[in-house]
Amino acid sequence: MTRQEAMQKASELLGKMTTEEKVAQMIQVPYTIVGREEALHWASLGAGSFLHVLGDNARELQQTALKTRLGIPVIFGIDAIHGHGLNPHATIFPSQLTAACSWEPEILREMGEVTAREVATDGLHWTFSPVLCLGRDTRWGRVDETFGEDPMLAGELGAAIVKGYQGENLADDEHILACAKHYLGYGEAVGARDACDTEVTERKIREVFLPPFAKVVEAGCATIMTAYGSIDGLPLTINRRIMHDILRDELGFNGFVVTDWDNARSLVTRQHVKETIEDAAVSAALAGNDMIMTSLEFYSAMLNALASGQADISVVDKAVLHILTIKYEMGLFDQPEKKGRKDCIGCREHQDAALRAARASITLLKNDGMLPLGPSVKTVAVIGPNADDIQAQYGDWTYFSHPNASKHLTPERPYVTLREGLAALGIKKNVRILYAKGCAQLNDPSDDLDAAVEIARQADAIIYAVGDMIDQIGESKDRANLALSGRQDELFHRLSALSKPICTVLIASKPLCIEPEAAGSNAVICAFNGGMFGGQAIAEALFGDLNPAGHLPISFPRHSGQVPVYYNYLPGWHNGKYCDLPETPLFAFGEGLSYTSFRLSDLTVDMVGRTASVAIENTGNYAGSTVIQLYQRDVVSSILTPVKRLIHFSRVTIEPGQTQTVRFELSDADFALVNTRCEHVVEPGEFQILAGLSSKDEDLLTISVRID
Ligand code: BGC
């Protein structure tokens with residue numbers, strides 16, 4: 001059904017609804033909080049949606065909803081963030097940040113498609129994904145959920161995963177609704193304190209934080225989630241300019257908006273901008289929130305406000321129309337339960353997709369020739385807290401990290417930790433694999449550094465797997481200190497004192513401060529949270545069965561005090577340098593090595609034909625993939641513009657000795673800035689176009705062009 005036809009049907013149905021039925025449509029009930037009995041009560045009242053409910057429990061609610069006077073089907077939402085992770089049998093993909101290391105929209109599209117199929121097979125309709133907040137202040141606990149620090153990359157990858165979730169037709173059995181979140185500026189809260197105030201101007205919003213949302217709205221994203229926080233003191237929940245004027249009137253969004261968890265009530269209880277829940281309910285609805293997640297008091301509060309004349313029914317009508325339109329467009333009235341595909345949850349084909357994503361995300365950051373491990377390496381010691389810890393490898397948003405699940409659960413097989421991946425390949429290659437944990441991510445009485453050093457002493461090469469753990473990731477887990485926690489640095493120093501080749505592998509939710517490890521290791525691999533086959537992909541890279549091709553979507557700070565550090569900063573007097581630290585990050589945005597080598601040449605820009613092209617040659621001995629990045633620098637502008645800004649990228653695969661020419665189409669948007677009047681304009685003058693395999697100046701070819 002087209003959006004137009006769906007709107008028509010929705011408005012006919014709206015005409016038949018009582019006030020109570022309308023307000024109930026706006027309610028989203030948290031199943032795990034209220035439990036079965038209360039959930040059934042809400043279903044009989046005609047609640048529009050439930051979240052966090054699976055299988056037969058969901059079916060029972062749907063049946064109850066269908067038996068109400070108008071039989072309006074319920075829509076079920078779930079946090080399927082990197083796979084349908086709250087189902088223990090599901091396929092677990094790398095986290096968003098990890099998958100972003102691939103710089104490959106097709107990987108994200110496939111991740112969305114597989115996840116949608118598994119969610120739909122559980123009878124559900126909607127995932128609260130993707131996150132389009134930017135990971136600029138890496139102290140924030142939810143950096144793992146972002147696509148990294150760059151608006152353009154986040155927009156492209158976000159649009160790709162949205163297309164994967166939603167497919168061509170929302171009504172088909174294997175696709176679900178996407179939900180771009182958290183709108184807006186949530187990741188940029190002061191001090192990276194989760195859900196606190198964000199001190200940005202509207203101009204900055206338009207330059208940095210809005211573009212990824214604009215991109216997914218253009219791609220047809222059906223729903224948007226309101227952020228928890230506030231911008232310049234005004235909670236997003238009641239910010240009509242951002243939630244309505246910019247989102248609907250400017251970006252043309254025509255789906256529905258859902259609040260985040262308890263946003264409406266928090267206006268009273270946490271943010272203290274409303275005295276009563278009635279005031280909060282009316283303001284949230286007026287600002288443009290259509291569905292109210294978990295603030296169940298909204299129901300009676302809105303009914304009171306309507307009865308007393310504090311609110312007009314038109315505000316409710318608008319919201320319900322948005323919700324019903326999507327329900328019609330999804331075909332829910334013909335078929336309330338998605339069927340999905342029988343036996344597809346965690347099936348082989350889906351596992352293959354997770355493995356492809358994990359492989360594409362492996363990012364090699366340093367290599368003095370230690371890797372790939374050569375034939376002289378007969379014994380490998382794999383050491384460290386994250387070498388054999390599947391929970392750390394999965395990261396946030398899988399069933400055992402969910403607040404309602406037990407941390408002590410072990411996920412279902414198959415999954416492969418780094419230790420297991422190395423063991424499996426070791427058998428094939430006749431290499432002995434030894435293991436010792438050494439220490440935990442946090443100080444623990446069972447830490448045994450001596451034992452780990454003894455194991456390492458027996459090996460020809462050491463693989464040291466460091467990182468964080470579930471308790472250090474996610475909402476309200478912001479970190480003031482990004483150094484490796486517990487005794488991980490101490491263990492590194494003891495291992496490196498053995499003077500054996502050592503490769504540090506970062507299995508973590510985000511960039512941690514690993515300067516000592518980076519300086520003292522022969523090789524460094526960034527694997528972040530690689531999902532079910534993360535360990536296998538790392539092992540393949542270590543042995544050279546996989547040629548790494550990931551590139552960082554986020555900068556690595558040298559020290560917690562350097563944060564925030566991102567490549568597209570505005571020029572200042574001292575280049576952002578501290579007197580006790582180099583101004584550069586430890587590893588830069590866009591960085592990523594390969595076992596082969598590449599040479600870029602012949603950067604040309606044709607301003608008439610609006611194209612840029614660059615040649616890339618594989619000058620090494622292995623076939624390999626890499627990411628060509630095109631940046632722009634506005635040489636003189638009326639307002640500060642970033643020292644460089646990513647405008648295009650392309651992941652290419654090249655055989656040894658071969659050369660490819662990569663072409664990019666240029667558009668006005670590539671040269672535009674947001675001026676002091678908040679307009680997107682191209683200012684005439686000189687621009688530089690830069691092309692390279694990282695954002696570092698020394699890696700970039702540069703050409704000047706003029707726009708008159
Ligand atoms: C998070 C959202 C999530 C929602 C539902 C909130 O706490 O901020 O990202 O989708 O809970 O679980």
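FYI, the numbering just counts along the sequence from 1.
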Item to check | Mutual orientation of the aromatic rings belonging to Trp140 and Tyr186 [parallel < 30°, tilted 30-60°, perpendicular > 60°] | outcome: perpendicular
Next on the checklist: Checking Asp197 against Ser230: is there a side-chain donor and acceptor pair closer than 3.5 Å?
Outcome noted: yes
Next on the checklist: Using a 6.0 Å distance limit plus a 45 degree cone around the ring axis, check whether Arg248 lies over the aromatic ring of Phe253.
Outcome noted: no
Checklist entry - Is there a donor-acceptor contact under 3.5 Å linking the side chains of Arg36 and His41? => result no
Checklist entry - If you measure from CD on Glu5 to OG1 on Thr325, what distance do you get to the nearest 0.5 Å? => result 12.0 Å
Next on the checklist: Within this structure, what is the CD1-CZ distance for the pair Ile78 and Phe128, rounded to the nearest 0.5 Å?
Outcome noted: 8.0 Å
Checklist entry - Looking at Glu207 and Arg203, does any basic side-chain N land under 4.0 Å from a carboxylate oxygen? => result yes
Next on the checklist: If we count only N and O atoms by modelled type, under 3.5 Å, do the side chains of Asn263 and Ser266 hold a donor and an acceptor together?
Outcome noted: no
Item to check | Validation row, ring centre Trp42 to ring centre Phe50 under 6.0 Å | outcome: no
Checklist outcome for this item: For Gly187 and Cys133 the tightest heavy-atom approach is N-CB, 4.0 Å
Checklist entry - Between CD1 of Ile292 and CD1 of Ile27, what distance do you get to the nearest 0.5 Å? => result 7.0 Å
Checklist entry - Do side-chain atoms of His272 reach the backbone of Val268 as a donor and acceptor pair under 3.5 angstrom? => result yes
Next on the checklist: Please list all pairs meeting salt bridge (charged side-chain N to carboxylate O under 4.0 Å, His left out) that have one or both residues in residues 21-30, counting only residues at least two apart or in different chains.
Outcome noted: Glu21-Arg69, Lys22-Asp317
Checklist entry - How long is the gap from OG1 on Thr146 to CD1 on Ile554, to the nearest 0.5 Å? => result 5.0 Å
Item to check | Charged tip of Lys181 within 45° of Trp397 ring normal and under 6.0 Å | outcome: yes
Checklist entry - Between atom CG of Asn169 and atom CE of Met330, what is the distance when rounded to the nearest 0.5 Å? => result 10.0 Å
Checklist entry - For Asp334, which residues count as a salt bridge (charged side-chain N to carboxylate O under 4.0 Å, His left out) partner, sequence neighbours excluded? => result none
Checklist outcome for this item: When every non-hydrogen atom of Glu278 is compared with those of Asn304, the smallest separation belongs to OE2-ND2, 2.9 Å
Next on the checklist: Ignoring hydrogens, what is the shortest heavy-atom contact between Leu132 and Pro212? Give both atom names and the distance.
Outcome noted: CD1-O, 3.6 Å
Checklist outcome for this item: Shortest non-hydrogen pair, Glu329 vs Ala6, comes out as N-CB, 3.8 Å
Next on the checklist: Can you tell me if Arg240 has over 12 outside heavy atoms packed within less than 6.0 Å of its CZ?
Outcome noted: yes
Checklist entry - Distance-only, no hydrogens or angles: does the Ser509 side chain make a donor-acceptor pair with backbone N or O of Ile473 under 3.5 Å? => result no
Checklist entry - Got a donor-acceptor contact below 3.5 angstrom from the Gln96 side chain to the Glu145 backbone? => result yes
Checklist outcome for this item: For Glu118 and His84 the tightest heavy-atom approach is O-CD2, 3.6 Å
Item to check | Trp261-Tyr228 aromatic ring centre distance below 6.0 Å | outcome: no
Checklist outcome for this item: Correct closest heavy-atom pair for Val257 and Asn289 would be CG1-OD1, 3.8 Å
Checklist entry - Counting distance only, does the side-chain N/O of Asn675 pair as donor-acceptor with the main-chain N or O of Glu679 below 3.5 Å? => result yes
Item to check | Ser129 and Tyr165 side chains, donor-acceptor separation under 3.5 Å | outcome: yes
Checklist entry - Ion pair present between Glu174 and Arg117, side-chain N to carboxylate O less than 4.0 angstrom? => result yes
Checklist entry - Is it the case that Lys339 and Thr121 place a side-chain donor and acceptor less than 3.5 Å from each other? => result no
Item to check | Straight-line distance of Tyr328 OH to Thr2 OG1, nearest 0.5 Å | outcome: 13.5 Å
